[in-house]
Every structure is written in C-alpha cells, then in structure tokens.
There are 2 protein chains.
Amino acid sequence: MTVPLKHRTLSAAIVDRLRQAILAGTYPAGTQLRQDAMAETYGVSRIPVREALFQLEAEGFVRIVPHKGAIVSELSLDEINDVFDLRCLLEPRLLSQSVPRFAEADFAALDAIQVRFETAIAAGDVAQWGVINAEFHMALYTRARQPRTQSIVAALLQTSDRYTRLQLSSTAAMGIAEQEHAELIRQCRAGRFDEASGYLVGHIEAVRADLLRVVARSGAAGGETNSRSVALE
Amino acid sequence: MTVPLKHRTLSAAIVDRLRQAILAGTYPAGTQLRQDAMAETYGVSRIPVREALFQLEAEGFVRIVPHKGAIVSELSLDEINDVFDLRCLLEPRLLSQSVPRFAEADFAALDAIQVRFETAIAAGDVAQWGVINAEFHMALYTRARQPRTQSIVAALLQTSDRYTRLQLSSTAAMGIAEQEHAELIRQCRAGRFDEASGYLVGHIEAVRADLLRVVARSGAAGGETNSRSVALE
DNA sequence: CCACGGTAGATTTTATACAATCGATGAGTC
DNA sequence: GACTCATCGATTGTATAAAATCTACCGTGG
C-alpha cells in the first residue's frame, strides 16, 4: 500500500533493503550505520542512503543523532508492550468499521492473500511471512474511513514484524497464525463482526505472549525503565 | 521533545519553517512545493529542502509523488474525525499512566508551560499557541512508559494544530482552552485521575465540535469519501 | 477530426566535491 | 598524578553540477 508496485526511485529501494536487513538481524540493535559504508555496499551514492535513513527514522527503525550518525533502535520491553497494546486498541476498531462495508471482491482479495500466506509458510520463507501477514491485516481494514489510523497500524505491523522475527523461527507458530487468519475470514464472511473483533484481539495477544516469553527467557532484562534493551544473539 | 533546543542542522530548521508556513496557511492545501523555489526563498541549497520535504511527508503534511514533486496534503473530513478519535482514545490512556507517577518537578514544569501559554494568548500569538498547547499536552504524558504512543500523539497534536488554525482566530476559544488546562492541572494535583481523564476527553471533543461547525459552515463538503477536501479561504 | 508519436522544457533524482562539526587523543601545566 | 586545552581524524552536513524522468505541446498520419 505504501509502495504502489515496484520501486520508482533508488531511495525507496534502499529503504526496503535496509529495512529487510534490520528485520533479518543483519544489523542488530545498537549498530552504527555509516552512510559511506552503506553507499558502497549497495553501490550507490550517499544521498539515497541518507534519505533512506531519514525514512527509517520516521518509521522508528533507527535513531539519528546530528553529526553522530544513525544507530539501529534498541528494542525495549516498554515499547513491545506499547506496540501490542496499540494494536489491540486500534485494529478491532478498524475491523468493525471496515468489514461491514466489504464487497465480494474484498473477500476475494483476502482469500488471495491467504493463499500466498500458506505458500510462504510451506516454503519456510520467514522474510515473506511478515510482509504477507501485514498485507493480510491491512486488507481487513481497507474499507475503514480512518486514513490516519490505517497508516499508524501499518507502521505498528512493521515494528511488530521486527519483534516477531526473534521468535517465529518455528513453523508451528506460523501455522497457528495461518489457522487464526482463516478463522477470521470465516467469521467476517458470516457477519459476526463483534466475535471477529474479539478473536482478533486474542490473535494479537497470543503473539505478544509468545514474544514476551521468549524475551524473558533470553534476556534477564526487567522492564523497569524505557532504556532497557533486549539482548539479541 | 523532537528538537532538543535549537536547530542543530539546516534541514531541521527548514522543516520547522516549512511546517509553520503550512500551518499558517501560506501554502494552502494542494499547493505544489517546488524544491528550487523553496531553496531560493530560504537562502539554502536544494538538499536541505529535499530532506525537509521527506520529513514533512512522514509527518503527513505533504504528499510526495516520485518525479513529480511535493504537494501540501488535503484536509479531509474523514481524517479530521480520525485524528480527534485517536486523540480521545490515546490521550486519556497516557494521562492515567503518567500523572500518578508525577513528582513535584513535573507539576512545576506544567505550571511553567501554563504561564507561557497565558502570555502567548495575551499577545495574540497564534503561531505560538499551537506549539505551546502541544507542549502542555506532551508534558502531561512525560511519565508514561509508552514511547510509541507518545510519538504518535505528538504527531496527532501537530496535525490537530493545522486544523485548529482554521478556527481559533478568536481569543475566546483560546481563553477557554487556557481555563480547561488550568482545571486539568488542578484535578491532577488533587489526584483525581479518572475525573481528569474524562475532562481531557471533553476538552478534546469541544475543540473537535467547534472545528466541525466551522468546516460545515465554510465548505459544503460532505464526508462521503476520503478524497473529499475542505475548502480553504 | 481524433489519435498516435516525437521533441522540448522543466523538475526531480543522483553523483561528486567541499566545508563544518564532533569526539578523541596527546601534550603541557598546575 | 590529574586536569585543561589544542590539534587531529573521522563522519556528517551542504553546495554545485550532471543524469534520468516526466509533462506538455506540436506535428503527422489515419
């Protein structure tokens, strides 16, 4: 939705590649991203890299300090909870506004995404998983007349993806998500919107719970202050 | 909060000046912002202008089409309602998380902002009004451990400001806001957090109602689709 | 008369080069 | 021995110039 079809500009391409690299853990949290090095790595000049970093800062992936550079954002427990709280708050609101307006074509689009979802899971494609998952959620909300909420949730889904990649190595968790998505489609088609909203919250909470379990196990970080970061290995 | 104290870089300065110009209506919605003209106007090169436009796109003030340029975003009724709905949803949440953790210094900071608020209103400084109003609201939420929500609300307040400037020419409305802020401080100091949350919602809803009244009077735009724009005069 | 193709102008996008700023390291002094 | 100050190195920030792209207009052909 953010990117129409394919990259029309170099900066946008670098944004995607850098985002994927951060999501994949190529650049762990705390890494300093030097414009010069990025430029050479991707075979472009520094200007596209620069603009990509600014874009990623707006998306919350990096933090830019003037004259010091861009560093990959830390993942704090406070922000994990905040992000998932926001999703539980905003997504059901979008769902109940959007789905009642659905036409058959919208359901068909949903089904198409679901098929690609299953394919990606069968192939074990973790990178595609997050992208398609976000696509699915946003497709549920296309008919909502809440443009600002939609763009916020789109950003939250990307952040969510970054967290989730620490955990969803197992195909099992991905399979559960697939089943829950299918159930969501069924409920929406049946017109049971309230039930679907509740189910959606459960779906989000399940992912959060799993994620927090993994975090609590790996790092002994207590969620005291907001600068506490999650240990990455 | 976003800008520490003063501009450490040219781009940031251009961002502020452009944002103020858009807020003030110097560049109405739909205006095409040519990098060349902006650069000459502000006496800088095109690169800072460019980066400023990207930043403003992330903030939702302009829309950038590749190879075509940046145009000032339209103001749709759907987005007005969306923005104020979000504020009513998120701000009380921040308040009830933040204020119970307040120390005396936090209340003192609030009082200081309130003083500047009164001064700006007395001087009839509309530009400062929006800035200080946002400062006040964000100061209420400093102790909340919800970094993502905080940055989202900060952006919502800026957008709000843009809408509000269409309406708040009268010192009367600004005076009402001032009194409501004072009342909010009182309730928070007294530890009546639930009451303060409710009052905050009322405060936001009042601004929304006024704004919608003005919009309905000036432009005959019905909030049908999301591309419907508000007429500016 | 309408539609298609080509050319010219303008604008954005990218690359290269230069200047300013920050952090650190080292010497010098109290 | 500890602290202050200055110089050095590295990195970012900015300006200037070339390349790619799009829009609009004009002419030609059907």
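Just so we're on the same page: letters track the sequence lines, and every chain starts at 1. Side-chain atoms are counted along with the backbone in the values below, which use heavy atoms only and exclude waters and symmetry mates.
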Between A:E74 and A:R63, is there a salt bridge with N-O shorter than 4.0 Å? no
Specify the separation, in whole Å, of atom CZ of A:R46 and atom C1' of C:dC18. 11 Å
For a 4.0 angstrom threshold against heavy atoms of chain A, report the outermost contacting nucleotides of DNA chain D in 5' to 3' order. D:dT11 to D:dC22
Examine distances only and state if a side-chain atom of B:S98 and a backbone atom of B:L95 form a donor-acceptor pair shorter than 3.5 Å. no
Side chain of A:D210, backbone of A:V207: donor and acceptor closer than 3.5 Å? no
Without swapping roles, check the side chain of A:T119 against the backbone of A:V115 for a donor-acceptor pair under 3.5 Å. yes
Counting just side-chain N and O atoms, does A:S11 come under 4.0 Å of either OP1 or OP2 of C:dT13? no
Using whole Å, report how far CD of A:Q35 lies from P of C:dT14. 15 Å
Contact under 4.0 Å: B:Q32 side-chain N or O vs C:dT11 OP1/OP2: no
Tell me the interatomic distance from B:I64, atom CD1, to C:dT13, atom C1', rounded to whole angstroms. 12 Å
My understanding is that only one of A:Q150, A:Q97, A:Q146, A:E91 makes a side chain to side chain donor-acceptor pair (under 3.5 Å) with A:Y141; could you say which? A:E91
If I take atom CG from residue B:L86 and atom OG1 from residue B:T149, how far apart are they, to the nearest 0.5 angstrom? 11.0 Å
Report all interatomic pairs (protein N or O, nucleotide N or O of nucleotides 19-24 of chain C) with separations under 3.5 Å.
from, atom 1, to, atom 2, distance (Å)
C:dC22, OP1, B:R8, NH2, 2.5

B:S73 (side chain) donor-acceptor with B:F61 (main chain) under 3.5 angstrom: yes
Counting just side-chain N and O atoms, does A:T9 come under 4.0 Å of either OP1 or OP2 of C:dT14? yes
Would you give a per-nucleotide map of nucleotides 5-10 of chain C, 5' to 3', where B means the base has a protein non-hydrogen atom under 4.0 Å away, S means only the sugar-phosphate does, and - means neither? ------
I'd like to check the side-chain contact (heavy atoms from CB on, under 4.5 Å) partners of B:A155; sequence neighbours left out, ordered by chain and number. A:R148
Rounded to the nearest Å, what distance is computed from the CD1 atom of residue B:I47 to the C1' atom of nucleotide C:dT16? 11 Å
Residues 37-54 of chain A side chain polar contacts: donor-acceptor under 3.5 Å, at least two apart:
from, atom 1, to, atom 2, distance (Å)
A:T41, OG1, A:A37, O, 2.8
A:R46, NE, A:Q35, OE1, 3.4
A:R50, NE, B:E51, OE2, 2.4
A:R50, NH2, B:E51, OE1, 3.4
A:R50, NH2, B:E51, OE2, 3.3
A:E51, OE1, A:S11, OG, 3.0
A:E51, OE1, B:R50, NH2, 3.3
A:E51, OE2, B:R50, NE, 2.4
A:E51, OE2, B:R50, NH2, 3.4

From the list A:L156, A:T159, A:D82, side chain to side chain contact (heavy atoms under 4.5 Å, CB included) with A:R87 holds only for A:L156
Quick test of your reading: applying ring pair (Phe, Tyr, Trp, His ring centres under 6.0 Å), list the pairs with at least one residue in residues 101-121 of chain A, sequence neighbours left out, ordered by first then second residue. A:F102-A:F107, A:F117-A:W129, A:F117-A:H181
